Protein chains: 2
Amino acid sequence: MTAMTRARPLVIDSHRDSNVCLTCGARAFSVCHVIDTADLDKLAAAAVSVSVQPGHTFIQEGDPAEHFFNVTAGTAKLYKLLPDGRRQVTGFAGMGYFLGLAVSSSYAFSAEALEPVKICRFSRAKLRGLLDDFPALEKKLLEVASNELVVAQEQMLLLGRKTARERLASFLIARANLVPHCPGRGGVNVAERIHLPMTRSDIADYLGLTIETVSRTLSKFRAEKLIEIPNNAEIVLLKHDAVEDIATGMV
Amino acid sequence: MTAMTRARPLVIDSHRDSNVCLTCGARAFSVCHVIDTADLDKLAAAAVSVSVQPGHTFIQEGDPAEHFFNVTAGTAKLYKLLPDGRRQVTGFAGMGYFLGLAVSSSYAFSAEALEPVKICRFSRAKLRGLLDDFPALEKKLLEVASNELVVAQEQMLLLGRKTARERLASFLIARANLVPHCPGRGGVNVAERIHLPMTRSDIADYLGLTIETVSRTLSKFRAEKLIEIPNNAEIVLLKHDAVEDIATGMV
DNA sequence: TGCGAGGGTTGATCTGGGTCAAGGTGCCGC
DNA sequence: GCGGCACCTTGACCCAGATCAACCCTCGCA
């Protein structure tokens, strides 16, 4: 299970101008938004912008944890492996996600880009400096970590006690709540389009199931007219509330 | 599944003297140790000492999160419930454990004392004041939260991908590493005595198994001479390394 | 225009751990 | 000392989801 690095997996974007944070579309969704507009140049000076190609692993579990990351575009999967290759996806990191909170000396998980991903990279030292300059950033990180913890506990409940049907329903609801897809979400049974940048295999490894069970369960939901599957990367939630009831174990 | 509160479940200890933190045995294991000895009176002023009887639930999932807690003695189980009563124990909080990091307005889990438990209780407002007075405390909390996150990810791997045998082995190893039991832990196959304040049912709910599977698997380990079970609350690890290999999926 | 590879689906069968059931074991109060 | 209760163990059987296997679909490329 050795690292397979390919040619030009990471591209360090060269534009180190001080406006990079000011114009960053992820700012509103990210820890950076606690930093005052006037101070954004200091933030920009500490960050290195990096592009990652789909399929490339930019964090390797066990490697020395030299950097922290902030995802500004795209989605990555975070995962842990057992020696024989069994995989557990612990989460999906989208725009605004802060990576590397594990304080220990080495990364506790690997991260692989699912789509073209852009990240802001900070060295440990630079981040330490930022935290000293901006106490609000430290508070924000604690808040983020606490919320992560709540999500992790919810996932433990899912992995330890929910049925395959409940797991898939929970996953769909969580994905639907992810981004308030523009307008039109006032009604009860409004159709919602869910984007899935990951494969069935990633979903299976996230939910503690096999790819076949994921596929079968989604087909079942479709047969029950709970969802539509226009293509592999998209699912339309036809009956949000019914699926939510399944997710919470109320059915 | 409604809350069953009994008579005098919580006892607020009256000694509000300023030495309570100075003489606290849990200080060395807890977030408090980042606070200078000279400032301990300020900490003591913010805290209320509470005793909890075994079996009493002192945090109820969903209740407004008005307090933060620090366990100073005993062990509590933390758990989440599904509407039909399925339970997932998300962790065991022993001496030094900081509880309530979930920043949201209501608790994300319940907490129930397994043994007589002593806790320091802080109101949200008081803790906020402490964090403003002692920035080191905030840093420490971030560190604690980050480590919790690593543990949670490890538990997701266990719940999603490990066999019953691997789960029990992981649990025993984690428990053995918990407190460096005094001396005598230099050798490789040194017997280790593990204390288990929780029932088989709690272990099952922690590992995503049933009580029967926990019992059977432990009996199997005993038959294989990996462990001894002198009584229900104690297990002796006869072959630490062999059990560790099972835990990591290397067997 | 065909073909190969990487997903995804579906069916048949198997099995690890769940469920159901019947004791066993300690411990506490009387 | 003994009855009752809470917890634990063990056995027999079952089933949700894993495994094994066949096939499909789409897309890039020669």
Side-chain angles (χ1 to χ4, degrees), chain A residues 53-55 77 82 84-89 112 114-115 158-171 196-224 227-235 246 249 251, chain B residues 4 6 53-55 77 82 84-89 112 114-115 158-171 196-224 227-235 246 249 251:
Chain A
Q53 295 315 307
K77 68 175 173 203
L82 286 169
D84 63 1
R86 279 174 285 170
R87 184 192 320 261
Q88 180 65 35
V89 171
E112 178 187 320
L114 298 174
E115 312 165 288
L158 180 147
L159 292 169
R161 289 299 179 221
K162 289 189 181 178
T163 65
R165 197 175 160 79
E166 290 163 354
R167 291 178 201 209
L168 259 303
S170 301
F171 176 70
L196 302 174
M198 69 291 288
T199 67
R200 297 287 185 270
S201 173
D202 294 332
I203 298 173
D205 286 342
Y206 180 57
L207 300 177
L209 301 170
T210 58
I211 178 176
E212 293 94 332
T213 299
V214 169
S215 188
R216 265 188 262 273
T217 306
L218 288 178
S219 297
K220 205 95 162 286
F221 282 170
R222 182 178 46 194
E224 297 169 25
I227 62 169
E228 271 171 9
I229 311 178
N231 62 68
N232 286 337
E234 226 132 16
I235 287 185
I246 297 172
V251 180
Chain B
M4 298 167 278
R6 265 163 257 144
Q53 296 312 308
K77 69 174 173 205
L82 285 169
D84 62 2
R86 277 174 286 171
R87 184 192 320 262
Q88 179 65 36
V89 171
E112 179 188 319
L114 298 173
E115 312 164 287
L158 180 149
L159 292 169
R161 290 297 178 221
K162 288 189 182 178
T163 64
R165 196 174 160 80
E166 290 162 355
R167 291 177 201 210
L168 260 302
S170 301
F171 176 69
L196 302 174
M198 69 292 287
T199 67
R200 297 287 185 269
S201 172
D202 294 333
I203 298 173
D205 285 343
Y206 180 56
L207 300 177
L209 301 169
T210 59
I211 178 175
E212 293 94 333
T213 299
V214 169
S215 188
R216 266 188 261 272
T217 306
L218 289 178
S219 297
K220 205 93 162 286
F221 282 170
R222 181 179 45 195
E224 296 170 25
I227 62 169
E228 270 170 12
I229 312 179
N231 62 68
N232 285 337
E234 225 130 17
I235 286 184
I246 297 173
V251 180

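Only a predicted model underlies this, so the values are computations on that prediction, with no experimental measurement involved.
If you measure from atom CD of A:E234 to atom C1' of C:dG8, you get 16 Å, rounded to the nearest angstrom. Remark: P of C:dT10 and CZ of A:R200 are 11 Å apart, rounded to the nearest angstrom. With rounding to whole Å, A:K220 atom NZ is found 13 Å from C:dT10 atom C1'. Rounding to whole angstrom units, CD1 of residue A:I211 and C1' of C:dT9 are separated by 9 Å. The CG-C1' distance, from B:L168 to C:dG16, rounds to 14 Å in whole Å. As rounded to whole Å, 16 Å separates atom C1' of C:dG6 from atom CG of A:L114. Atom C1' of nucleotide C:dG17 and atom CG of B:L159 are separated by 15 Å, given to the nearest angstrom.
Residue-level contact check: B:L218 touches neither bases nor backbone, having no heavy atom under 4.0 Å from any strand. At a threshold of 4.0 angstrom between heavy atoms, the contacts of B:R167 with the nucleic acid are absent. Across all strands shown, B:S219 has heavy atoms under 4.0 Å from sugar-phosphate atoms exclusively, and none from any base.
End-to-end axis angle of the helix from C:dT1-D:dA30 to C:dC30-D:dG1, using five pairs per end and rounding to 10°, comes to 30°.
Every residue two or more places apart in sequence or in another chain was checked for a salt bridge (charged side-chain N to carboxylate O under 4.0 Å, His left out) with A:R222, and none qualifies. Annotation: ring pair (Phe, Tyr, Trp, His ring centres under 6.0 Å) contacts of A:Y206 (sequence neighbours excluded): A:F92, A:F171.
When side chains are defined from C-beta on, A:I235 does not count as touching A:F221, because their heavy atoms never get closer than 4.5 Å. Looking at A:Q88 and A:L159, their side chains come closer than 4.5 Å, going by heavy atoms from C-beta outward.
Using modelled atom types, no side-chain atom of B:R161 and backbone atom of A:R86 make a donor-acceptor pair closer than 3.5 Å. At distances below 3.5 Å, not a single donor-acceptor pair connects side-chain atoms of B:D205 with backbone N or O atoms of B:D202. Between the side chain of A:E234 and the backbone N or O of A:N231, no donor-acceptor pair lies under 3.5 Å. A:R87 places no side-chain N or O within 3.5 Å of a backbone atom of A:S201 that could act as its donor or acceptor partner.
Along DNA chain C, the nucleotide nearest to A:T199 and the one nearest to A:R161 differ in position, and the one closer to the 5' end is contacted by A:T199.
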Tabulated below should be each protein N or O lying under 3.5 Å from an N or O of nucleotides 20-28 of chain C; please produce it.
{"residue": "C:dC20", "atom": "N4", "partner": "B:E212", "partner atom": "OE2", "Å": "3.1"}

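Looking at every heavy atom in both residues, B:L207 comes nearest to B:R167 through O-NH1, 2.8 Å. Closest heavy-atom contact between B:P54 and B:E115: CG-C, 3.6 Å.
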Under 3.5 Å, side-chain donor or acceptor atoms of residues 209-220 of chain A against the rest of the protein: list the pairs with distances, not counting sequence neighbours.
{"residue": "A:T210", "atom": "OG1", "partner": "A:T213", "partner atom": "N", "Å": "3.4"}
{"residue": "A:T210", "atom": "OG1", "partner": "A:T213", "partner atom": "OG1", "Å": "3.1"}
{"residue": "A:T217", "atom": "OG1", "partner": "A:T213", "partner atom": "O", "Å": "2.6"}
{"residue": "A:S219", "atom": "OG", "partner": "A:S215", "partner atom": "O", "Å": "3.0"}

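Here chain B contacts DNA chain D (any atom closer than 4.0 Å to a heavy atom, that is under 4.0 Å), and the contacts span D:dC8 to D:dA12 from 5' to 3'.
Distances shorter than 4.0 Å separate some side-chain N or O of A:S215 from OP1 or OP2 on C:dT9.
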